[in-house]
Every structure is written in C-alpha cells, then in structure tokens.
Amino acid sequence: MAEPRIDVQVETPDAAPKDEKQHPNTCPACHSHYRNDELEAALWVCAQCGHHFPMRARSRIASLADDGSFAEEAAELRSDDPLDFFDLRPYGERLAEAEVNTGLGEAIVIGRAAVDGAPCELAVMDFAFMGGSMGSAVGEKFARACESAAEHGLPLISVSASGGARMQEGILALMQLPKTIVAVADLHDAGSPYVSVLAHPTTGGVLASFASLGDVLVAEPGALMSFAGPRVVQQTTREKLPDDFGRAEANLRFGHVDAIVPRPELKPYLARLLRLFANGK
Amino acid sequence: MASDAELRLRERLSKLKSINLLGGARLSGELERLQKQLDRITAEPTEDDIWRSVELARHQDRPYTLDYVERLFDDWVELHGDRGRGDDAAIISGLGRFQGRTVVVVGHQKGRDVKERAKRNFGMAYPEGYRKAMRVMKLADRFRFPLLTLVDTPGAYPGVAAEQHGQGGAIAASQATMLRLGIPIVSVVIGEGGSGGAIAIAVGDRVLMSENAIYSVISPEGCAAILWRDASEAKKAAAAFKPDAAHCLELGVIDGIVPEPPGGAHTDHDEAARLLGGAVQEALDELEALPVDELTRRRRARFRALGVFA
C-alpha cells in the first residue's frame, strides 16, 4: 500500500467541485436560478437563501472600489513555463486558454483603489483562472501589491480564492509561499496594515502563506478554507468529515478568523477597519 | 562539430556556473566526488534518474533526523511540546553541540518500524509540530544560537483535527517566524521535501539538498492523480515536475547539493552524516561571518527573488 500522501496544494486545479449537470447560475443550496445580470446586481449572492456564488475578480473590484478609483498595476505580467511542463496538455496551452476564457492575464489582479474614500491597495484573486492557483506570476503580483502599498503608505486588502499552488510550476510554485510571506513581512515593517479576505475556496499553498497572515482575517459565509481539501482528508484518513469541515463557520468557531462577513456588508466593514487602522490620520 | 547534446550541455554548464554551483557542497577538497557530482548535474537527468531519487528519498533505511543528530551532535537535549496543546513526535527539536558551538535543531522525524511510524505519523506534522518548531526557533533567536532544520516529510498531515487546529495558518506562521530570526539558518532537505509541510521549516539562509532527496510542490502520486487522472502515472508526473536536487539547484531553489555515499545515504549512515556535517559546517562558517542585519536582509531577498515569469 502506498503510504498516506499529502498533496493538498491543488486539489481542484481547474474547477470547483460541482455537479456537472448543474448550471453555474443555479444555486447549489436552494436551486434558484438567475440570469447573469441578476447575480451581478446582487453581488453574486442568492436572493433566496444567501448562498455566495464565486465572484470574478473584476466584479469583486467593482464591488469594493469607489467608482473610477481603481488603477491597475502589473497588468502586463504573465506566467512563464520554466519546466516545459506537459501533462495531458502543455502548460502554455492551459495558460492561453485560461486567458481567453477569463479575459485576465493571471489569477490575481492588483492595483490602487479607494474604499469609501479610504485609499488602499487591492489584490484580488480569480478562481476562474486555473483554479486561482499560485505560480510565479501570482506570487510576484501579490508581492508587488505589498511593495506598492508600502511605498505609498497604504493598507493592503487581499481577496483570495485559490485551490493552492500551481503544480505546473513544480517547486517554484511552492517557493511562492515564502516569497509572498517576505512581502507581507516587508509590508508590516513599513507600518502598513493588511486585511485578508478569504473567499471560497482558499486552500493549500495560499492558505498556508499570505492569506493567513493578515492583521485581520475575514471569511465569506460558507467559504472553504482548509489546508487539505475534504477529498484528500477523506481519502487519506478515512475519517468521517464533519458537515462543515474546513468551512468559514468552523474556522470562526476554532478561532482561525476574526469574522464572517456577508458580501453585501463587506465594503462598509472594510471601510470601517481602514478608518480604525488610519487612527484619525 | 558540436552535437546538439554537447551544445545543450555547455549551455547548461555556463548557466550553472553563473548561479554559484556547489555553493554549500565545497567539501574538504573531495575533488573527485565533486567532479562526479558535476557530471551528474550537467547530464540531463532522465525519467529513470528522477524516479530513482524518488525511491531513494523514501528508502526505509534512509537516515532520518535523529540518525544525523546522533552522529553530529554532542550533549544533545531534546525539547518537547508546543506549550499549548501537545507534543508532536513528527517534528523533533532540541539543542546540541556541533563542532564546538551550541546549535538548535528542528527536523521532521519518520519512524523506522511500524510502531514508531505510527507514533511519528510518518513524519507528517500537525500544527502542534510547527508551533513547537516556532517556540524552539525563538529560543534559538533569544540566545543567538544558529538553527539547523532538517526536512523529511511527505507533507503536513491532512486530517480533520489538523485542520481544526489551524494547519494552514501554522505553516504560514512558521515561515514568517523564520524570516525574522536574527541567527544563521541552514536548512537541508535530507529525504522527502513534501510541499507546505516542508517549506514550513525550510526558510533558511542556505538551503541544501541531499543528492538523492526530492523537493516538490506535490507528491508524484498526487500530481498524477490530478493531472493524469491516474495515480499510477507517478513516474511520468515526477519527470514532468522535476523534484530532484539537480533541477532544484538549476532553478535557484537550493544553494548546494550534499553528496551521499555511493548507492545512497541508506548504505552508510556514518558516511552520510560526515558529508552532511561538512556541508553544514561550511555553510555556518560563511553565515556566522555576516552581521545580523545583512543576514536577514539577504534571507528576505533570496526568497523574494524566487520564481520565473514573463
């Protein structure tokens, strides 16, 4: 028998676990169905039951940043393929496809913004781009967000949504953990606060690095935030998993996050925090 | 007339030279061994070579952390417990004398027999293990003792209790702790450098790898199960993500390769320990010459620079 393995990093590299037959705009909790524009207007929250649908990076930024305040940074940065990685398909092809499908250059968007008038730096991940996995480019962009925040004396807000490290970049993907942690350390040394918002899912290498190192950790309702995904835990340990295994609610109970904030309340919540950290300045 | 293979080899050689090849492995004038190592590094490892590393890294007779500690340290005192929840036997920590100075050791520990494997949880730590590691690292920092971390884990333990106790946060905090230590840190991947569970204690000023160790973001089996949808394609997966020491050196992830006895570290624990001790001694000598500010600045710069993007 193979010894138990860990391999938690990218349990869901390309897609959230989902019922293949179900339309993405159908609520998995109560089966209400919505048009895109209805969901967009409702911040991708089910009007019937409050289920939080995945939210794309651009929508997220629009929901947090004051109108016209977002100035994107490092938009031109792209992943490379240092290992010439080839599984069933070349990595380069997967990247190109992800860019075409999402309209994004990578799984994270960074830039300066204002939240209810308070200037800050935003770093927002997008699960639709290769499962929000973190390779060299994602790590670099996050680090640059920290550096931009430090340079301008601004707080950093990140919104994570990631299956973990990007396998196709091998050991360099793992090295993005300490790289992003260096960036947070430098940010803190510069005196800037960091608020980490964990959206569904934040797992593996992203949870085991910057997403856990915010001065304040905020989770979205129902977000999975576990180092190892439920399937890996189930297969390795044969344990019966609790219904809320790894979910935001369990993490709040065990003391791993400061708050669970429903999406419609997130912007005012963050604005309040930013005012408090600014301490009247 | 140079063949394609020769050209490729020369190109690799010049690339390797430019990244301070053998940084941590300049050992007691063993030129012949170094030359062999150089030859091995400059030849493109085949799928079989890489798989051989995977097998040797997991060999049941491979020396583990305590096998090295026993051979390299005098006056060893093991420290137990995270002062909160428990003592995780998958990570050992303690103080000992290494070449005349007190050094703090933190390392994963696998078990040799069935009973010990269960006790050590196959070297897969809970958050308690990483919290114990952090406590002992801070102790080292307080007294300015250098830190040696030995990495040998399939990964951090993926269990319900481990998650409830905050596995992800503990791994992140341990790395953040290491970045702030004002002491020299040498990290050696001696066997399996499995993912987050490995990097949690591998944020060193010098990161070395034993010749047949592996260091990877995911196990070959896990990668195969996800990307090939078939765990039995592990060999192919390993060849694709290249967890062997030569590739890690080439990518700048490690600073040097620690040679092993011919046939692998499991054939001769004493010789394996002697070679590791030499590499650690050399790295510590270099690091102890640096002022603390410079040490921590360089450590941050080293990890900040990792990655390849366009």
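One distance of note links NZ of Lys179(A) with CD1 of Ile199(B); it measures 13.0 Å at 0.5 Å rounding. Taking CZ from Arg94(A) and CG from Leu227(B), the interatomic distance works out to 6.0 Å, rounded to the nearest 0.5 Å. For the atom pair OG (Ser216(B)) and CD1 (Ile171(A)), the distance works out to 6.0 Å, reported to the nearest 0.5 Å. Interatomic distance, CG of Leu177(A) versus OG of Ser195(B), reported as 8.0 Å (0.5 Å rounding). To the nearest 0.5 Å, atom CZ of residue Arg229(B) and atom CG of residue Leu88(A) are 8.0 Å apart.
Per-residue heavy-atom pair counts under 4.5 Å with chain B were compared for Ser212(A), Ala250(A), Ala183(A), and the maximum is reached by Ser212(A). Top candidate by heavy-atom pairs under 4.5 Å with chain B, chosen from Asp87(A), Asp80(A), Leu241(A), is Asp87(A).
Counting all heavy atoms, side chain and backbone alike, Val203(B) lies closest to Pro178(A) at CG2-CB, 4.3 Å. Considering all non-hydrogen atoms of both residues, Thr237(A) and Pro158(B) come closest at CG2-O, 3.3 Å. Residue Leu174(A) comes nearest to Gly196(B) through the heavy atom pair CD1-N, 3.7 Å, listed as atom of the first residue, atom of the second, then distance.
The closest donor-acceptor contact from the side chain of Glu163(B) to the backbone of Ala228(A) lies under 3.5 Å. Here the side chain of His256(A) pairs no donor or acceptor atom with the backbone of Gln167(B) at under 3.5 angstrom.
More than 12 heavy atoms of other residues, nucleotides or ligands shown are found within 6.0 angstrom of CG on Asp113(B).
Contact residues of residues 96-108 of chain A toward chain B are absent (heavy-atom distance under 4.5 Å). Listed by sequence position, Phe303(B), Arg304(B), Leu306(B), Gly307(B), Val308(B), Phe309(B), Ala310(B) are the residues of residues 302-310 of chain B in contact with chain A, using a 4.5 angstrom heavy-atom cutoff.
Contact check for Val207(B) versus Met175(A): no side-chain heavy atoms found under the 4.5 Å cut-off. With contacts defined as side-chain heavy-atom distances shorter than 4.5 Å, the pair Pro242(A)/Gln164(B) qualifies.
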Which atom pairs, one a donor and one an acceptor, fall under 3.5 Å between side chains of residues 235-242 of chain B and the rest of the protein, sequence neighbours left out?
residue	atom	partner	partner atom	Å
Lys235(B)	NZ	Asp48(B)	OD1	2.8
Lys236(B)	NZ	Glu233(B)	OE1	3.4
Lys242(B)	NZ	Leu83(A)	O	2.9

Under 3.5 Å donor-acceptor pairs involving side-chain atoms of residues 182-189 of chain B, not counting sequence neighbours:
residue	atom	partner	partner atom	Å
Ser187(B)	OG	Thr149(B)	OG1	2.7

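No part of Asp81(A) comes within reach of chain B, as not one of its non-hydrogen atoms sits under 4.5 angstrom from that chain. With a 4.5 angstrom heavy-atom cutoff, Ser226(A) touches chain B via backbone and side-chain atoms both. Proximity to chain B is limited to the side chain of Phe245(A), based on heavy atoms less than 4.5 angstrom apart.
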What verdict does the side-chain contact (heavy atoms from CB on, under 4.5 Å) test give for Arg300(B) and Asp189(A), after you've listed the backbone C-alpha separation in whole Å, the side-chain angles of each residue and the deciding distance to 0.1 Å? CA-CA 12 Å; Arg300(B) 287 193 191 190; Asp189(A) 284 356; 2.8 Å; yes

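For the side chain to side chain contact (heavy atoms under 4.5 Å, CB included) test with Gln175(B), the passing option among Val182(A), Val184(A), Leu213(A), Ile181(A) is Ile181(A); the others fail.
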